[in-house]
Peer 1: 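I'd like to ask some things about the structure below.
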Amino acid sequence: MQNKTTPPSSQEQLLQRAQALAGMTLGEIAEESGIDIPENLTRNKGWIGLLLEHVLGASAGSRPEPDFPHLGIELKSLPINSLGKPLETTFVSVAPLTGLVGVTWQTSYVRKKLAKVLWVPVLSDKNLALKDRQVGTAFIWTPSEEEDNLLALDWQELTDMIVLGNVENIQGKHGQVLQLRPKAANSQVKTQAFDKNGKPFLTLPRGFYLKIPFTQMLLHKHLRID
DNA sequence: AGCTGATCATTG
DNA sequence: CAATGATCAGCT
């Protein structure tokens, strides 16, 4: 009842494994893996991601490194509706609010995270029971020059605001493809940042998220969904 | 406290 | 009905 998959030895093998899941329901996948499936995601928001990590042989744990370190590939599940539209923004990484001197887009954590991603779409219409949700066709993505430029632009804008002490003025609307939003256990959690005068203060931790139109574009490009 | 995995749920 | 602020679970 615990057949943790061995790590994939190559990108090709990983992609094959992921694409072999296409058409399967989460119930079927969980059953084959001997994993209990929750009624819903309300108290298990990351469950689908963890299930996919398990069956694809990702290294477990919450270490700050790619899911497949030897391949340099990050795994992201992507909830979509029946029209192929993402239902949620995609969390990328926690946003550093301090220690940003000298950090550039080229060396940023966001860029590193998104350098190579295995996207696994999951048909997740709200009226579909969790066990009946169906995995779509996975694909591996590396940002094109154009996509990299879009991300760089937003990252720079948001990072500039953080550096200038304007983190609390950042809205979700900032950025075309990337946004900064709270990322914490609850609204009481605080982390240190710097205000406009360079004085430290405590604020809600933030994370970078990919906006829906961006991930939707990726789906269309790679799967030719319409 | 801060990272991993994200979606929930209320608001505009 | 999309946007965005709030939240849940597990591990280090």
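Only this structure's heavy atoms are used, side chains among them; waters, hydrogens and symmetry mates stay out. Chain naming here is simple, since letters A, B, ... match the order of the sequence lines and numbering starts at 1 in each.
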Peer 1: Taking any heavy-atom pair under 4.0 Å as a contact, classify A:Lys211: base, sugar-phosphate, or nothing.
Peer 2: nothing

Peer 1: Whole angstrom is fine here: how far is it from NZ in A:Lys173 over to P in B:dG12?
Peer 2: 14 Å

Peer 1: Take the angle between the ring planes of A:Trp119 and A:Trp141 and call it parallel below 30°, perpendicular above 60°, tilted in between.
Peer 2: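 Tilted.
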
Peer 1: Using whole Å, report how far CZ of A:Phe91 lies from P of C:dC8.
Peer 2: 17 Å

Peer 1: Check every strand shown and say whether A:Tyr209 touches a base, only sugar-phosphate, or nothing at a heavy-atom separation below 4.0 Å.
Peer 2: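 Counting heavy atoms under 4.0 Å across all strands, the contact made by A:Tyr209 includes a base.
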
Peer 1: Regarding A:Lys199 and the six-membered ring of A:Phe194, is the cationic atom NZ or CZ under 6.0 Å from the ring centre and inside 45° of its axis?
Peer 2: no

Peer 1: Of A:Thr191 and A:Lys76, whose closest DNA chain B nucleotide lies nearer the 5' terminus?
Peer 2: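 It is A:Thr191, whose closest nucleotide lies nearer the 5' terminus.
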
Peer 1: Given C:dC8, is OP1 or OP2 found less than 4.0 Å from the side-chain N or O atoms of A:Thr42?
Peer 2: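 For A:Thr42, the contact criterion (side-chain N or O under 4.0 Å from OP1 or OP2 of C:dC8) is not met.
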
Peer 1: Charged N to carboxylate O below 4.0 Å: is that the case for A:Glu147 and A:Lys221?
Peer 2: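 Result for this pair is yes, salt bridge flagged.
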
Peer 1: Which is true for A:Thr90 with a 4.0 Å heavy-atom rule: it touches a base, it touches only sugar-phosphate, or it touches nothing?
Peer 2: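 Result for A:Thr90 = nothing.
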
Peer 1: Let me know the distance between CG of A:Asn186 and C1' of C:dA9, rounded to the nearest Å.
Peer 2: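 Answer to the nearest Å: 13 Å.
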
Peer 1: Using a 4.0 Å heavy-atom cut-off, does A:Pro79 contact any base of the nucleic acid, only the sugar-phosphate backbone, or nothing at all?
Peer 2: sugar-phosphate

Peer 1: Is there a side-chain contact between A:Lys113 and the phosphate of B:dG5, meaning an N or O under 4.0 Å from OP1 or OP2?
Peer 2: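 Looking at the OP1 and OP2 atoms of B:dG5, one of them is under 4.0 Å from a side-chain N or O of A:Lys113.
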
Peer 1: Within a radius of less than 6.0 Å around CD of A:Gln106, do more than 12 heavy atoms belonging to other residues, nucleotides or ligands occur?
Peer 2: yes

Peer 1: Report which part of the nucleic acid A:Thr89 touches: base, sugar-phosphate, or nothing (heavy-atom distance under 4.0 Å, all strands).
Peer 2: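 The residue A:Thr89 makes base contact.
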
Peer 1: At 4.0 Å (heavy atoms only), tell me whether A:Glu74 reaches a base, stays on the sugar-phosphate, or touches nothing.
Peer 2: sugar-phosphate

Peer 1: Rounded to whole angstroms, how far apart are CG on A:Leu128 and C1' on B:dT7?
Peer 2: 16 Å

Peer 1: Look at A:Asp148 together with A:Arg111 and state whether they make a salt bridge at an N to O cut-off of under 4.0 Å.
Peer 2: yes

Peer 1: Nearest to the A:Leu41 side chain among B:dT4, B:dT7, C:dC8, which nucleotide is it?
Peer 2: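 The answer is B:dT7, which lies nearest to the side chain.
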
Peer 1: Return the value, rounded to whole Å, for the distance between atom CG of A:Leu210 and atom P of C:dA2.
Peer 2: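 Atom-to-atom, A:Leu210 to C:dA2, this comes out as 18 Å.
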
Peer 1: What is the nucleic acid contact for A:Gly49, judged by heavy atoms within less than 4.0 Å: base, sugar-phosphate only, or nothing?
Peer 2: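 The answer is sugar-phosphate, as A:Gly49 gets under 4.0 Å only of primed atoms, P, OP1 or OP2.
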
Peer 1: Are there over 12 heavy-atom neighbours, none belonging to A:Lys113, within less than 6.0 Å of that residue's NZ?
Peer 2: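 Yes, because the 6.0 Å sphere around NZ of A:Lys113 holds more than 12 heavy atoms from other groups.
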
Peer 1: Specify the residue among A:Ala185 and A:Gly172 whose closest nucleotide of DNA chain C lies further upstream toward the 5′ end.
Peer 2: A:Gly172

Peer 1: NE2 of A:His54 versus P of C:dG10: gap in Å, rounded?
Peer 2: 16 Å

Peer 1: Does a nitrogen or oxygen in the side chain of A:Lys183 sit under 4.0 Å from OP1 or OP2 of B:dA6?
Peer 2: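 For B:dA6, OP1/OP2 do not have a side-chain N/O of A:Lys183 under 4.0 Å.
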
Peer 1: Rounded to whole angstroms, how far apart are CD on A:Gln171 and P on C:dA2?
Peer 2: 20 Å

Peer 1: For C:dT7, does either OP1 or OP2 sit under 4.0 Å from a side-chain N or O belonging to A:Ser187?
Peer 2: yes

Peer 1: Let me know, please, whether A:Ile170 or A:Asn44 comes out on the 5' side of the other along DNA chain C by nearest nucleotide.
Peer 2: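 Whichever sits nearer the 5' end wins; that is A:Ile170.
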
Peer 1: Take the protein atom CG of A:Asn127 and the nucleotide atom P of C:dC1, then report the distance between them rounded to whole Å.
Peer 2: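 These atoms are roughly 14 Å apart.
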
Peer 1: Across the strands shown, which category fits A:Arg181 at heavy-atom distances under 4.0 angstrom: base, sugar-phosphate, nothing?
Peer 2: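 Since a base atom lies under 4.0 Å of A:Arg181, the category is base.
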
